[in-house]
Amino acid sequence: MKSPYHFIIKPYNDKRYDNVRKYGDIDFIISTSQEDHTVSNRLGVVISVPINYDGPIKSGDNVIVHHNVFKFYNDMRGREKSGKSFISDNQFLLDEDQWFMAKHNGLWKCHSKYCFVRPIEKDERILHTSNTFEPLTGIIAYGNKELSLMGVNEGDKVSFTPDSEYEFNIDGEILYRMLTNNITIQWTQNKLN
């Protein structure tokens, strides 16, 4: 089965939710709510690419997707439903704006206007904050073509707009998904650029 315009994907491990964490030999369910977007599976596996697609992504590659792709929701009568992406048998159509990054040949590459920023540890300051990471500052972990054309590359320290930290776990690391226009400052050797 192929779509003219969409990737067809399935959730990684065929599970719509990623709500079990292993501590020692014990599996803990960290959330039982289907409305909890933080535990919806955000990793998909490509089943087929669009009919006329000629890019690098192939069947079997992984994609990072929006939290609503695999989620269940309840309609007005309380009936469990799948979202608009659902086709059947744990297969989903993936709109252009519902995926952010793909892993092809073992390398992650960002899609379109998306990038991923690695938060940095909080600096010691006079004023105490409860944040684990330095606010509004990080390192470009996975860039995109737009940023690269502006001279902002992977490994560069950047600042970003408030409330743009859309948190993902990519290969066991916390990263923030952002848009190109969320990046506001590029730092060079601890100086603003």
Side-chain angles (χ1 to χ4, degrees), residues 7 9-31 36-46 56-58 60-71 94 97-125 129-148 150 152-190:
F7 289 94
I9 67 168
K10 65 179 183 175
Y12 184 76
N13 287 335
D14 288 318
K15 294 182 179 178
R16 289 184 175 207
Y17 290 86
D18 182 23
N19 62 345
V20 177
R21 299 290 179 269
K22 191 169 212 61
Y23 296 98
D25 294 333
I26 301 172
D27 289 336
F28 283 94
I29 296 173
I30 59 171
S31 177
D36 184 359
H37 74 280
T38 63
V39 294
S40 66
N41 194 351
R42 298 182 193 179
L43 183 60
V45 179
V46 176
I57 300 171
K58 306 287 184 232
D61 287 349
N62 291 335
V63 287
I64 302 297
V65 301
H66 192 277
H67 64 264
N68 282 337
V69 172
F70 302 129
K71 270 182 65 180
L94 194 60
D97 61 347
Q98 289 181 307
W99 66 284
F100 313 124
M101 189 163 60
K103 190 175 196 176
H104 178 67
N105 290 335
L107 299 173
W108 287 110
K109 295 284 184 189
C110 287
H111 168 63
S112 185
K113 58 193 173 217
Y114 302 106
C115 64
F116 282 80
V117 173
R118 179 177 296 115
I120 57 177
E121 295 295 320
K122 181 174 65 169
D123 287 340
E124 290 300 319
R125 298 175 178 239
T129 64
S130 61
N131 298 344
T132 302
F133 300 116
E134 189 66 27
L136 307 178
T137 307
I139 306 293
I140 298 288
Y142 300 101
N144 61 40
K145 289 180 185 177
E146 287 179 344
L147 286 171
S148 202
M150 291 186 277
V152 180
N153 299 302
E154 292 176 5
D156 287 353
K157 184 177 178 181
V158 294
S159 289
F160 44 83
T161 57
D163 300 321
S164 60
E165 304 97 329
Y166 183 21
E167 192 174 292
F168 281 77
N169 184 328
I170 308 293
D171 293 337
E173 180 180 23
I174 298 297
L175 298 176
Y176 299 146
R177 193 238 51 205
M178 303 203 175
L179 300 168
T180 299
N181 64 358
N182 292 133
I183 305 300
T184 57
I185 296 172
Q186 176 190 28
W187 294 76
T188 56
Q189 299 173 349
N190 292 327

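Starting from 1, each residue takes its place in the sequence as its number. Small disclaimer: the values here were computed from a predicted structure and weren't measured.
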By side chain to side chain donor-acceptor pair (under 3.5 Å), H111 pairs with (sequence neighbours left out) E96
Applying side chain to side chain contact (heavy atoms under 4.5 Å, CB included) to D36 and not counting sequence neighbours gives S31, S33, T38, V39
Would you say the side chains of N144 and S112 form a donor-acceptor pair under 3.5 Å? no
Scanning both residues in full, the closest heavy-atom pair of D156 with N153 reads OD2-N, 2.8 Å
The ring-ring contact (aromatic ring centres under 6.0 Å, His included) partners of F70 (sequence neighbours excluded) come to F92
Practice item. Flag yes if more than 12 heavy atoms outside K58 fall under 6.0 Å of its NZ atom; otherwise flag no. Key: yes
Checklist entry - Are any of the side-chain heavy atoms of S159 and W187 separated by less than 4.5 Å? => result yes
With sequence neighbours left out, the residues meeting side chain to side chain contact (heavy atoms under 4.5 Å, CB included) with D18 are R21
The side chain to side chain contact (heavy atoms under 4.5 Å, CB included) partners of D27 (sequence neighbours excluded) come to V20, K22
- Task: Please report the C-alpha distance between F116 and M178 in whole Å, then the side-chain angles of each, then the deciding distance to 0.1 Å, and finally whether the side chain to side chain contact (heavy atoms under 4.5 Å, CB included) criterion is met.
- Result: CA-CA 6 Å; F116 282 80; M178 303 203 175; over 6 Å; no
On a heavy-atom basis, the closest approach of G44 and I9 is CA-CD1, 4.5 Å
Check whether any side-chain heavy atom of V117 sits under 4.5 Å from a side-chain heavy atom of I139, and report yes or no. no
Original post:
Is any side-chain heavy atom of M101 closer than 4.5 Å to a side-chain heavy atom of I170?
Top reply: yes
Does the side chain of N181 come within less than 4.5 Å of L179's, by heavy atoms? yes
Tightest non-hydrogen contact, residues G143 and E154, listed as N-OE2, 3.2 Å
message = Is there a side-chain contact between W99 and H66 in this structure, where contact means two heavy atoms from C-beta onward sitting under 4.5 Å apart?
response = no
Taking every heavy atom of P56 against every heavy atom of D61, the minimum-distance pair comes out as O-OD2, 4.0 Å
Q. Does a side-chain heavy-atom distance below 4.5 Å link T180 with M150?
A. yes
For N41 and V65, the nearest pair of non-hydrogen atoms, with its separation, is O-CG2, 4.3 Å
Hits for ring-ring contact (aromatic ring centres under 6.0 Å, His included) against F100, two or more places apart or cross-chain, chain-then-number order -> Y114, F168
Across all chains, not counting sequence neighbours, the ring-ring contact (aromatic ring centres under 6.0 Å, His included) partners of H104 are none
Run N68 and S40 through side-chain hydrogen bond (donor to acceptor under 3.5 Å, both in side chains) and show every step you take. CA-CA 8 Å; N68 282 337; S40 66; over 6 Å; no
- Given K109 and I57, is the side chain to side chain contact (heavy atoms under 4.5 Å, CB included) satisfied, shown in steps? CA-CA 10 Å; K109 295 284 184 189; I57 300 171; over 6 Å; no
Taken in chain and number order and not counting sequence neighbours, the residues that satisfy side chain to side chain donor-acceptor pair (under 3.5 Å) with Y17 are none
Hits for salt bridge (charged side-chain N to carboxylate O under 4.0 Å, His left out) against E173, two or more places apart or cross-chain, chain-then-number order -> R118
Those residues at least two apart in sequence (or on a different chain) that pass side chain to side chain contact (heavy atoms under 4.5 Å, CB included) with L136 are F160, P162, E165
Between P119 and L175 the two heavy atoms that sit nearest each other are CD-CA, 4.3 Å
Residue set satisfying side chain to side chain donor-acceptor pair (under 3.5 Å) with W108, at least two apart, ordered chain then number -> D171
Find out whether I140 and I183 are in side-chain contact, i.e. whether some heavy atom of one side chain is under 4.5 Å from a heavy atom of the other. yes
Side chain to side chain donor-acceptor pair (under 3.5 Å) filter on H67, not counting sequence neighbours, yields Y166
NZ (K113) and NZ (K145) are apart, to the nearest 0.5 Å, by 15.0 Å
Notebook entry, point to check: Does any non-hydrogen side-chain atom of V158 lie less than 4.5 Å from one of T137?
Noted result: no
Separation between CG (L107) and OH (Y142), nearest 0.5 Å, reads 8.5 Å
Here the gap from N62 atom CG to L43 atom CG, rounded to the nearest 0.5 Å, amounts to 4.5 Å
